Amino acid sequence: MQDQNSPAADSDLSLEDLLVAVGRERDRQAFGVLFGHFAPRLKTYLRRLGCESGGAEELVQEVMLLVWRRAETYDPAQASAGTWVFTIARNKRIDALRREQRPEIDPDDPALVPEPQQPADRRIEVKESSGRLRAALKDLPPEQAALLRMAYFEDKPHSLISIENGIPLGTVKSRLRLAVERLRKALRDVE
Amino acid sequence: MTRPSHHPGDMLLIDYAGGGLCEGASLAVATHMAYCPACRHAVSEMEAVGGALLDELEPEPLSPGCLEALMARLDREGPRTERPAPSCRAAPFPPPRYPEPLRSYLRGRLAADGTLGAGGWRFIQPGMRGINLISEAAGTTRLVRMRGGVAVPRHTHGGIELTVVLEGGFSDEFGSFGPGDLAVGDCSLNHAPVSDPEGCLCLNATIGGLRLTGPVGRLLNRFIRF
């Protein structure tokens with residue numbers, strides 16, 4: 001079912017464009033492309049967090065179903081597609097694997113202390129900073145990159161990572177701090 | 001409203017962004033974020049790191065038919081989508097006293113005017129009462145209410161505690177803590193916080209599973225055990 005009017009028919013579209021197309025037009029072809037990109041990575045993510053293969057595939061489907069349902073809330077001026085999918089997958093696996101709620105702020109909450117100023121349209125900035133971030137990740141010293149991955153791909157706070165890997169807590173903290181500093185510089189484009 | 005001056009710090013924010021914090025500690029960090037645009041921004045940056053790390057994971061192929069099965073589910077769903085609560089909903093008046101995500105945990109405990117009811121508080125020590133919100137293996141998360149001028153007795157324990165001030169405040173030798181401030185305490189610190197004259201309402205959570213030994217890296221700079 002090739003649909004020449006579908007935005008997904010244009011192979012130059014970014015993941016962000018595809019996600020917007022799913023949100024606006026319920027574009028199935030775009031969703032299929034997103035599935036092809038994210039589902040195999042989500043499977044790896046969930047398996048690293050301890051899901052066995054069959055369970056991981058079921059959970060991947062659940063995550064992608066949420067991507068479909070929530071796509072219209074995606075705002076490319078706020079986050080890359082990968083970042084947005086990551087937060088959905090993280091919350092889903094906390095719910096499914098740990099049977100816990102994920103406490104999060106409500107951006108529309110009248111009780112939220114507001115930003116000093118309204119954020120500008122950061123769409124181009126988001127795109128450029130994602131590129132810089134990917135490059136900075138590749139440049140991280142291996143010991144920093146390894147700890148960073150543990151912080152995202154193991155269901156543990158940094159203090160437990162320290163204990164279970166026999167790395168002194170001070171070392172874990174200093175390596176993670178160095179990594180965060182470098183990545184933050186890349187995101188904010190300051191050298 | 002003034003913005004908080006005591007923050008969780010990068011290590012706790014990365015644990016929160018990565019999803020490694022237990023529910024109670026996540027509630028404390030997220031409640032602080034409701035008061036703190038700077039930490040919201042920091043977490044969104046750390047989520048961007050999560051997104052970039054997800055993108056560079058080695059893809060693991062799915063069984064054939066996965067996409068087709070999902071597409072069939074979309075067919076059964078029909079066109080209705082999960083609509084978020086409309087963002088233009090009428091602002092309640094007066095505005096809620098406690099921000100999300102904390103407010104959801106207080107359901108059934110708030111009076112019509114948005115204040116906490118008098119029921120359910122349990123005695124902790126003279127001048128100090130608490131309500132348990134979450135009980136998990138990692139520890140208990142609770143609201144703690146202190147009368148003015150109450151001193152917390154010194155003692156030690158094995159975990160890390162997070163305390164977010166909601167109303168009033170307290171002080172110790174490290175400074176004054178007011179609404180939105182988050183204090184991180186571990187067992188290396190020995191001090192005696194005292195509540196401000198108007199008293200103090202705070203959220204108190206433990207990061208469990210910690211068996212910290214030795215004097216390593218005790219950079220976290222608070223110890224408060226209620």
Side-chain angles (χ1 to χ4, degrees), chain A residues 26 28 32 35 39-41 43-45 47 57 60-61 64-65 68-70 72-73 79-80 82-83 85-87 90 94 100-106 108-113 115-116 130 133-134 137 149 151-152 154-160 163 168-170 173 176-177 180 183-184 187, chain B residues 1 3 10-11 14-15 18-21 23 26-27 30 33-37 40 44-45 47-63 66-67 69-71 73-74 79 81-82 84-85 87 91-92 95-96 98-101 160 180 207 209-212 216-217 219:
Chain A
R26 308 276 89 195
R28 289 183 170 231
F35 186 95
R41 289 171 171 83
K43 186 175 174 186
T44 309
Y45 171 69
R47 299 222 33 193
E57 290 201 356
V60 167
Q61 291 206 23
M64 291 307 296
L65 193 59
W68 172 261
R69 287 178 183 164
R70 294 183 185 164
E72 65 188 325
T73 70
S80 73
T83 300
V85 171
F86 166 74
T87 59
R90 173 199 63 198
I94 288 172
E100 278 183 12
Q101 287 189 57
R102 162 77 182 179
E104 293 203 305
I105 58 153
D106 170 0
D108 299 320
D109 185 0
L112 199 70
V113 174
E115 305 268 348
S130 313
L133 181 59
R134 271 196 295 275
L137 273 175
R149 288 196 178 85
Y152 286 88
E154 295 193 13
D155 189 25
K156 300 176 184 100
H158 68 274
S159 40
L160 273 187
I163 292 159
L169 186 56
K173 285 181 180 175
L176 275 175
R177 278 213 181 86
V180 166
L183 300 176
R184 189 173 276 151
L187 275 165
Chain B
M1 179 168 195
R3 300 204 166 75
D10 280 348
M11 291 305 101
I14 208 170
D15 286 342
L21 278 188
E23 185 176 348
S26 296
L27 177 60
M33 285 165 62
Y35 292 87
C36 184
R40 293 206 290 274
S44 71
E45 288 182 330
E47 287 175 341
V49 172
L53 287 171
L54 178 68
D55 262 340
E56 67 168 36
L57 280 177
E58 187 72 30
E60 187 173 331
L62 279 86
S63 317
C66 246
L67 176 59
L70 185 54
M71 287 292 193
R73 276 177 81 174
L74 302 188
T81 60
E82 189 176 282
S87 60
Y98 308 108
E100 290 291 2
I160 289 179
I207 300 179
L210 298 180
R211 295 289 179 272
L212 302 178
V216 288
L219 299 175

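Since the structure is predicted, the reported quantities are computational estimates derived from the model, not experimental observations. Order of the sequence lines fixes the chain letters, A, B, ..., with proteins taken first and strands second; residue numbering starts at 1 for each chain.
- Ranked by heavy-atom pairs under 4.5 Å with chain A, the first of Ser44(B), Pro59(B), Ala69(B) is Pro59(B).
- Looking at Ala79(A), there are no atoms closer than 4.5 Å to chain B (heavy atoms on both sides), in backbone or side chain.
- When Lys156(A), Arg102(A), Arg149(A) are compared by the number of non-hydrogen pairs under 4.5 Å with chain B, Arg102(A) comes out ahead.
- Judged by distance alone, with hydrogens and angles left aside, the side-chain atoms of Glu100(B) form no donor-acceptor pair with the main-chain N or O of Asp106(A) at under 3.5 Å.
- Only the side chain of Arg90(A) comes within contact range of chain B, judged by heavy atoms closer than 4.5 Å.
- Only the side chain of Phe35(A) comes within contact range of chain B, judged by heavy atoms closer than 4.5 Å.
- Counting only heavy atoms from C-beta outward, the side chains of Pro99(B) and Leu112(A) never approach each other to under 4.5 Å.
- Partners of Ser130(A) under the side-chain hydrogen bond (donor to acceptor under 3.5 Å, both in side chains) rule, at least two apart in sequence or in another chain, do not exist in this structure.
- Panel note: side chain Glu47(B), backbone Thr87(A); no donor-acceptor pair is recorded below 3.5 Å.
- Leu169(A) has its side chain out of reach of Ile163(A): every pair of non-hydrogen atoms, C-beta onward, lies at least 4.5 Å apart.
- Ranked by non-hydrogen atom pairs under 4.5 Å with chain A, the options Ser26(B), Cys36(B), Gly50(B) are led by Gly50(B).
- The nearest pair of heavy atoms linking Leu70(B) to Met64(A) is CD2-CB, 3.5 Å.
- Interface remark: Leu176(A) contributes backbone and side-chain atoms alike to the contact with chain B (heavy atom separation under 4.5 Å).
- Contact count against chain A (heavy-atom pairs under 4.5 Å) is highest for Leu54(B) among Leu54(B), Leu27(B), Leu21(B), Ile14(B).
- Of the residues considered (Glu104(A), Arg47(A), Arg134(A)), Glu104(A) shows the highest number of contacts with chain B, using heavy-atom pairs under 4.5 Å.
- Within the 3.5 Å criterion, the main-chain N or O of His158(A) finds a donor-acceptor partner in the side chain of Asp15(B).
- Looking at Asp55(B), the atoms closer than 4.5 Å to chain A (heavy atoms on both sides) sit in the backbone and in the side chain alike.
- With chain B as partner, the option from Leu137(A), Val60(A), Val85(A) having the largest number of non-hydrogen pairs under 4.5 angstrom is Leu137(A).
- Residues Val180(A) and Arg177(A) have side chains not in contact (no heavy-atom distance under 4.5 Å, counting atoms from C-beta outward).
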